[in-house]
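Working notes for the structure below.
Remember, it's 1-based here, ligands and their atoms both numbered in the order they're listed. Starting from 1, each residue takes its place in the sequence as its number. Fair warning: this is a prediction, and the values are worked out from it, not measured in the lab.
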Amino acid sequence: MPSLSWFFFTTLICFLHVALAGDPYVFFDWSVSYITASPLGVKQKIIGINGQFPGPIMNVTTNWNVVINVKNGLDEPLLLTWDGVQNRKNSWQDGVLGTNCPIPSGWNWTYQFQVKDQIGSFFYFPSLGFQRTAGGYGGIIINNRDVIPLPFGLPDGDITIFLTDWYTRSHKELRKDVENGIDLGIPDGILINGLGPHRYDDALVPAGISYQIINVEPGKTYRLRVHNVGISTSLNFRIQNHNLLLVETEGSYTVQQNYTNMDIHVGQSYSFLVTMDQNASTDYYIVASPRFVNSSWARATGVAILHYSNSQAPAAGPLPDLPNQDDPYLSMNQARSIRWNVSAGAARPNPQGSFRYGQITITDVYVILNRPPELINGKWRTTLNGISYLPPSTPLKLAQQFSIPGVYKLDFPNRLMNRPPKVDASLINGTYKGFMEIIFQNNDTTVQSYHMDGYAFFVVGMDFGVWTENSRSTYNKWDGVARCTTQVFPGAWAAILVSLDNAGIWNLRAENLNSWYLGQEVYVQVVNPELDQKEFPLPENAIYCGLLSSLQSEQAHKFKFSGAPSISKKHRRILIMLLLILLGTFIR
Ligand SMILES: *[C@@H]1O[C@H](CO)[C@@H](O)[C@H](O)[C@H]1NC(C)=O
Ligand SMILES: *[C@@H]1O[C@H](CO)[C@@H](O)[C@H](O)[C@H]1NC(C)=O
Ligand SMILES: *[C@@H]1O[C@H](CO)[C@@H](O)[C@H](O)[C@H]1NC(C)=O
Ligand SMILES: *[C@@H]1O[C@H](CO)[C@@H](O)[C@H](O)[C@H]1NC(C)=O
Ligand SMILES: *[C@@H]1O[C@H](CO)[C@@H](O)[C@H](O)[C@H]1NC(C)=O
Ligand SMILES: *[C@@H]1O[C@H](CO)[C@@H](O)[C@H](O)[C@H]1NC(C)=O
Ligand SMILES: *[C@@H]1O[C@H](CO)[C@@H](O)[C@H](O)[C@H]1NC(C)=O
Ligand SMILES: *[C@@H]1O[C@H](CO)[C@@H](O)[C@H](O)[C@H]1NC(C)=O
């Protein structure tokens with residue numbers, strides 16, 4: 001991970017691994033606040049976690065209990081969401097507006113959840129107000145338990161890589177533009193781990209930009225966990241002269257195949273094994289390029305460096321080739337080639353494919369059509385099936401808990417209705433233990449990704465054109481990969497199957513921030529009618545807002561923030577000792 005000059009000391013104030021009678025607990029203490037950095041040579045206010053951007057990696061193992069005390073040092077409300085963490089029976093911890101009241105500026109809130117029965121590579125990010133475009137994100141690694149072998153040799157290193165389309169405008173300016181229907185335009189750059197491009201071309205990249213260098217040893221094999229946490233740009237990822245052996249995506253081990261490059265859409269995560277099998281005559285370029293765009297976007301190319309310890313020269317030559325930008329079938333075929341390794345174990349020792357999703361009867365079908373932004377009642381909004389979701393001021397979960405009527409309706413339509421678009425809080429009424437088929441039909445002109453909280457779903461098919469019942473004959477009913485974010489190409493559809501076994505109210509959203517921000521989301525309510533299998537109770541520390549704000553008392557634990565990185569206790573002690581020594585010399 002990058003060691004940035006403005007970042008002083010490490011971030012986990014406490015990392016305890018207490019082996020109690022049950023599953024272990026791990027504690028994190030995170031201060032979220034603005035820091036100043038210039039990833040593209042222009043000074044910006046960026047959201048850091050404990051002074052770090054990207055934030056610290058949450059590195060945990062299946063079934064661990066995670067406790068994270070989040071202090072909001074921003075000047076606006078905050079929620080962190082854990083993209084891909086399933087929070088079984090515990091949507092109270094999901095960190096989106098339908099499940100939680102936002103943490104007010106200057107307050108803290110402690111999340112607690114168990115990473116139950118899952119493995120894989122995910123990330124967290126601030127879910128409100130376009131904040132993700134200013135940072136605040138970091139990696140989540142959920143390791144296999146020791147008793148369950150990995151379906152590949154233990155890698156010699158584990159490296160997280162964040163790719164983001166980046167603008168020098170602040171998140172507040174960007175969200176204002178989106179509200180006003182202004183296209184965000186070409187990104188000012190693509191960041192790799194929060195850093196700008198290597199100066200591979202003097203004409204395109206100004207001098208003085210610091211870039212990511214990944215140091216490796218010849219002959220070793222590393223696991224690269226690569227995430228696109230950007231706003232709306234699909235990115236093509238590749239490493240000069242090196243193969244990417246795909247092994248995992250968003251919690252599922254895949255059939256292991258080599259790729260020379262991979263299209264990673266907004267919100268998606270992949271693990272690749274990369275073997276350092278070159279003779280290190282030079283360093284090598286690591287590249288992330290905007291996909292399906294014209295040549296004027298080339299100036300926004302992300303470039304980092306892969307540096308062998310015995311490298312003899314800087315990286316040289318042209319950047320590795322991009323696939324044909326005008327052939328979307330290439331990308332669709334690549335997506336279709338990603339398959340589940342049905343014989344590998346994952347969170348449990350039994351094969352991933354022991355859940356025979358292709359043989360289960362479908363109980364509900366939703367064909368969900370998205371449209372590009374349009375004016376509804378004079379405001380720019382995006383819709384799913386003609387409905388633009390507007391979060392009620394009272395979170396859905398609290399309204400459900402306190403039986404407050406009228407906050408939301410369970411009437412989200414199965415298909416686009418023949419009626420004008422509207423703004424509403426309309427939910428999908430999921431059937432507990434039902435098996436739902438969702439077809440996303442993308443009527444926009446750009447790639448969109450859709451993500452579901454609380455679940456992994458099977459991606460069983462995608463194609464260009466309009467989905468019909470006959471499209472089902474093309475479904476992969478055997479080894480479609482289970483993941484939590486699927487891309488949907490423009491003018492195309494993607495079909496997913498999901499087993500509704502996780503009670504709660506779960507967010508289903510566009511990962512593309514501009515689409516999401518203008519209303520492209522819906523929640524799925526899943527109620528378990530059996531009492532003994534109930535969801536977790538309302539957390540004791542729940543924050544109240546909206547119609548329930550009278551239940552909330554002023555927070556006792558107020559604290560002061562400075563923009564500067566916090567100094568750990570150990571370092572404070574060292575500082576005090578230094579001061580005392582200095583004082584001592586003076587007195588003498
Ligand atoms: C994560 O923690 C495990 C120990 O639980 C350690 O072996 C591994 O190296 C850590 N991974 C990273 C990326 O820090
Ligand atoms: C805020 O943090 C303090 C400890 O710093 C903790 O005791 C308290 O429970 C936290 N508040 C909430 C609402 O989580
Ligand atoms: C699938 O997983 C098994 C079991 O771990 C492993 O031995 C095998 O190599 C994997 N197969 C492919 C094609 O990746
Ligand atoms: C992937 O490519 C590497 C060379 O980079 C090769 O050694 C390996 O056998 C290939 N693996 C597969 C599954 O094709
Ligand atoms: C290895 O290095 C030599 C020069 O030392 C170069 O000619 C050759 O092309 C290199 N091979 C590879 C695979 O990079
Ligand atoms: C290239 O794309 C940008 C943004 O999508 C657009 O503004 C511009 O007009 C396009 N240029 C050409 C030559 O098509
Ligand atoms: C929601 O679905 C459940 C069955 O899963 C049903 O009992 C209930 O009446 C439905 N509610 C509404 C408002 O449609
Ligand atoms: C979606 O797009 C297709 C092709 O552009 C068009 O024929 C169709 O009318 C659109 N549907 C809606 C509901 O916008």
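For atom 7 (O) of ligand 4, the nearest protein heavy atom is 4.0 Å or more away. Atom 11 (N) of ligand 1 lies below 4.0 Å from at least one non-hydrogen atom of the protein. Under the 4.0 Å distance rule, the nearest protein heavy atom to atom 14 (O) of ligand 4 falls inside the cut-off. There is no protein heavy atom less than 4.0 angstrom from atom 4 (C) of ligand 1.
Using the six-membered ring where Trp is involved, Phe489 and Phe464 have ring planes that are tilted, between 30° and 60° apart. Using a 30° and 60° split on the angle between ring planes, Phe123 and Phe125 fall in the tilted class, from 30° to 60°. The aromatic rings of Tyr450 and Phe440 lie parallel to each other, with less than 30° between the two planes, well short of the 60° mark. Tyr124 and Trp82 have tilted rings, their planes meeting at an angle from 30° to 60° on a 0 to 90° scale. Relative ring orientation between Phe162 and His227 is described as parallel, the plane-to-plane angle staying below 30° on a 0-90° scale split at 30° and 60°.
The ligand atoms of ligand 4 that sit less than 4.0 angstrom from a heavy atom of Asp277 are 4 (C), 5 (O).
Among Thr275, Asn258, Leu273, the residue whose heavy atom sits closest to atom 1 (C) of ligand 4 is Asn258. When the options Thr446, Leu184, Asn294, Thr445 are ranked by their closest heavy atom to atom 2 (O) of ligand 6, first place goes to Asn294.
Judged purely by distance below 3.5 Å, without hydrogens or angles, the side chains of Asn370 and Asn442 pair a donor atom with an acceptor atom.
Some N or O of Asn59 is nearer than 3.5 Å to an N or O of ligand 1, by distance alone.
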